[in-house]
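Comments concern the structure below.
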Amino acid sequence: MAHKTTEYQAFSHQILTWYRENPRDLPWRGIVDPYKIWLSEIILQQTRVAQGLPYYYAFVETYPTVKDLALAPEEEVLRLWQGLGYYSRARNLHACAKSIWFEMGGEFPNTYDELLKLKGVGSYTASAIASFAYAEVKAVVDGNVFRVLARYFGIDTDIASSPAKKEFEALANQIIPKDQPGEFNQAMMDFGARLCTPKNPGCESCPLKDSCFALLHNMVSDLPVKVNKIKIKERHLHYYVIKCGKNWVWKKRTSGDIWEGLFDFPQVESGTGDIAPAMEIPSSSAEETQHLPKKYRHILSHQRLNAVFSEVEIAEENLSKLENWCEEEGFMLVEESRIEYLAKPKLIVNFLNDQGI
DNA sequence: TTCCCGTCTA
DNA sequence: TAGACGGGAA
């Protein structure tokens, strides 16, 4: 396949040339510390650079080394992650740091295969760290790479399917120059992010415009092929915001649902939202449900949440009853000034902001 | 509405 | 192998 090798070399040469003139200025570029590269890559999973950037700065500042992260309490890590979404990333990040520090002697894994064993590190992230920090020849395949390869080579495999991942990884690993794998990987992602964009790509100024399959066949807007089949679930949550003086009742969310490890309020879920669900709260009466319920709609990728917040005031003389109830139900009383230190879903942050908290 | 496709899990 | 997992921006 001599002609293919030549074609691939021409392709990677063009991409690298473009990259040298058009690199994104990112804070982790040129960094060789695998810890910081790992941090940046986990933060950037499913996340736009602009959104992840402040979190990267905060994490590097708060936890400059893997040791600092390992010694931090998980709740503090989740609080710093608040608002970024996909919270399992933060839990896995922290669990990995502990494992690297306490079980691996603080030695960061330094091969693709070893990196892949870390929780939350899949083939993309393992390739990124291995190529950036250790110059291992492993091609990254993220959304940008899918798009660039699908368009240039005219691949119409559904990129949401399982075989697509293998097909694109195999191709990218054929193309990647063995003498500068990290540069090439960054070049591909920047090229996809800045020029070969999902909408309105810069084909007129593209260095590959004479050989791009999609452009030559007028298929730029048709590639890559992505079959969207997410089912969106409609949910109705009724939250009870229970206060006793300056104490609020909070609930730490458990596994098996969204927002694991984050804090919100005691809650009842109903199928339709038509019927106002009831919750047995000690020492409260109808008159003590002070304000009109506040309604919020919150959109996630797989769920549409319709949340209603009812405020319940408990007389301070009933504090000990409330404490017992919290104990039984697995709730916790949190003093108002401590609320800001809890890791909370965006929905709850929005509600609190509207309350002036 | 579509894009962020990355990883884990059932 | 499909579905779950966030939140913001274009």
Side-chain angles (χ1 to χ4, degrees), chain A residues 24 38 40-55 78 81-93 95-96 115-129 138-151 155 157-169 171-172 185 188-190 192-194 196-201 221-235 237 253-262 264 296-305 307 343-351 353:
Chain A
R24 283 185 290 183
W38 171 58
S40 72
E41 292 302 340
I42 300 295
I43 287 172
L44 257 45
Q45 286 172 5
Q46 302 294 83
T47 304
R48 289 172 189 280
V49 168
Q51 193 194 355
L53 219 42
Y55 289 84
L78 277 171
W81 198 271
Q82 176 177 292
L84 198 52
Y86 288 113
Y87 296 93
S88 64
R89 291 184 294 169
R91 297 194 308 273
N92 288 334
L93 195 73
C96 286
L115 289 160
L116 205 50
K117 294 177 185 170
L118 298 175
K119 272 188 183 168
V121 174
S123 62
Y124 163 76
T125 306
S127 296
I129 302 171
K138 284 283 179 183
V140 297
V141 178
D142 73 343
N144 294 307
V145 177
F146 269 124
R147 191 167 54 251
V148 173
L149 294 180
R151 284 178 177 163
I155 305 167
T157 311
D158 172 16
I159 63 166
S161 71
S162 261
K165 194 175 148 81
K166 286 183 179 177
E167 182 182 351
F168 281 83
E169 276 180 359
L171 175 58
N185 281 338
M188 285 289 281
M189 292 192 284
D190 279 18
R194 302 187 81 158
C196 196
T197 49
K199 302 222 167 135
N200 307 313
S221 59
D222 301 321
L223 294 172
V225 173
K226 185 179 182 180
V227 180
N228 208 354
K229 45 197 159 199
I230 21 172
K231 269 186 262 175
I232 296 188
K233 186 168 36 165
E234 198 87 19
R235 292 177 73 177
L237 311 178
R253 296 186 63 90
T254 50
S255 64
D257 201 352
I258 56 174
W259 302 329
E260 179 184 346
L262 274 62
D264 61 3
Y296 287 77
R297 189 163 165 85
H298 192 74
I299 310 292
L300 306 179
S301 29
H302 290 73
Q303 303 186 12
R304 292 179 183 178
L305 306 179
K344 302 165 290 291
K346 192 66 168 66
L347 168 64
I348 302 299
V349 172
N350 289 344
F351 169 76
N353 285 344

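Protein chains get the first letters and strands the later ones, always in sequence-line order, with residue 1 at the start of each.
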Looking for any heavy atom pair under 4.0 Å, which part of the strands does A:L118 touch: base, sugar-phosphate only, or nothing? sugar-phosphate
Does A:K346 make a side-chain N or O approach to OP1 or OP2 of C:dG8 shorter than 4.0 Å? yes
Contact check, side chains of A:D264 and A:L347, non-hydrogen atoms, under 4.5 Å: no
Under 4.0 Å, counting only non-hydrogen atoms across every strand here, what does A:A160 touch: a base, just sugar-phosphate, or nothing? base
Side-chain N or O of A:K233 versus OP1/OP2 of C:dC5: is the shortest distance under 4.0 Å? no
At under 4.0 Å between heavy atoms, what does A:D257 touch on the DNA or RNA strands: base, sugar-phosphate, or nothing? sugar-phosphate
At under 4.0 Å between heavy atoms, what does A:Q303 touch on the DNA or RNA strands: base, sugar-phosphate, or nothing? sugar-phosphate
A:E169 has an atom CD; how far is it from atom C1' of B:dT7, in whole Å? 12 Å
Quick one: which of C:dG6, C:dC5, C:dT1 gets closest to the side chain of A:S301? C:dG6
Pick base, sugar-phosphate or nothing for A:F168, based on heavy-atom distances below 4.0 Å to the nucleic acid. nothing
Closest-nucleotide ordering on DNA chain B, the 5'-leading residue of A:D158 and A:R304: A:R304
Nearest-angstrom distance from the residue atom CZ of A:R91 to P of B:dC8: 12 Å
Does A:E169 form a salt bridge (Lys or Arg N to Asp or Glu O under 4.0 Å) with A:K138? I'd like the steps, not just the answer. CA-CA 9 Å; A:E169 276 180 359; A:K138 284 283 179 183; over 6 Å; no
Parallel, tilted or perpendicular: rings of A:F351 and A:Y296 (30°, 60°): perpendicular
Any non-hydrogen side-chain atom of A:L78 less than 4.5 Å from a side-chain atom of A:L262? yes
On DNA chain B, check which nucleotide each of A:L116 and A:S161 is closest to and give me the residue with the more 5' one. A:S161
Is A:V121 touching bases, backbone alone, or none of the nucleic acid, heavy atoms closer than 4.0 Å? sugar-phosphate
Rounded off to whole Å, could you give me the CZ-to-P distance for the A:F146 and B:dC4 pair? 10 Å
Give the dot-bracket line for DNA chain C from 5' end to 3' end: parentheses for intra-strand Watson-Crick or G-U pairs under 3.5 Å, square brackets for crossings, | for inter-strand pairing, dots for unpaired. |||||.||||
Taking atom C1' of C:dG6 as reference, at what distance in whole Å does atom CH2 of A:W81 sit? 11 Å
Could you tell me whether A:I258 contacts a base, only the sugar-phosphate backbone, or nothing, with contacts defined as non-hydrogen atoms closer than 4.0 Å? sugar-phosphate
Respond yes when some side-chain nitrogen or oxygen of A:W259 is under 4.0 Å from OP1 or OP2 of C:dA4, and no when none is. no
Could one point to a donor on the side chain of A:Y86 or the base of C:dG6 with an acceptor on the other under 3.5 Å away? yes
What I'd like to find out is whether the side chain of A:V141 reaches to under 4.5 Å of the side chain of A:L149, using heavy atoms alone. no
Between atom CE in A:M189 and atom C1' in B:dG6, what is the gap in whole Å? 12 Å
What is the distance, to the nearest angstrom, from the CD atom on A:Q45 to the P atom on B:dG6? 8 Å
On a plain distance test, is the side chain of A:R48 in donor-acceptor contact with the base of B:dC3 below 3.5 Å? yes
Between P on C:dA4 and CG on A:N92, what's the gap in Å once rounded to a whole number? 19 Å
Choose from C:dG6, B:dT2, B:dT7 the nucleotide whose nearest atom is closest to any side-chain atom of A:T47. C:dG6
Remember a base hit wins even if backbone is also touched, and classify A:S88 as base, sugar-phosphate or nothing at under 4.0 Å, heavy atoms. nothing
Whole-Å P distance, B:dT9 and C:dG6: 14 Å
If you assign each of A:Q51 and A:H302 to its closest nucleotide in DNA chain C, which residue comes earlier from the 5' end? A:H302
Do A:L115 and A:T125 have side chains that get closer than 4.5 Å, going by heavy atoms? no
Side chains of A:V49 and A:L44, heavy atoms from C-beta outward: is any pair under 4.5 Å? yes
Between C:dG7, B:dC3, B:dG6, which nucleotide has the shortest distance from any of its atoms to the side chain of A:P198? B:dC3
Over 12 foreign heavy atoms within 6.0 Å of CG, A:N200: no
Quick one, A:R253 and A:I258 - any side-chain contact, counting heavy atoms below 4.5 Å? yes
Side chain of A:K226 only, please: which of B:dT7, C:dG7, B:dC4 is the nearest? B:dC4
How many whole angstroms separate atom CG of A:L78 from atom P of C:dG7? 12 Å
Determine whether the side chains of A:Y124 and A:E41 contain a donor N or O and an acceptor N or O closer than 3.5 Å. yes
Is there a donor and acceptor pair, one atom on the side chain of A:T125 and one on the base of B:dG6, closer than 3.5 Å? no
Taking OP1 and OP2 of C:dG6, is either one under 4.0 Å from a side-chain nitrogen or oxygen of A:R89? no
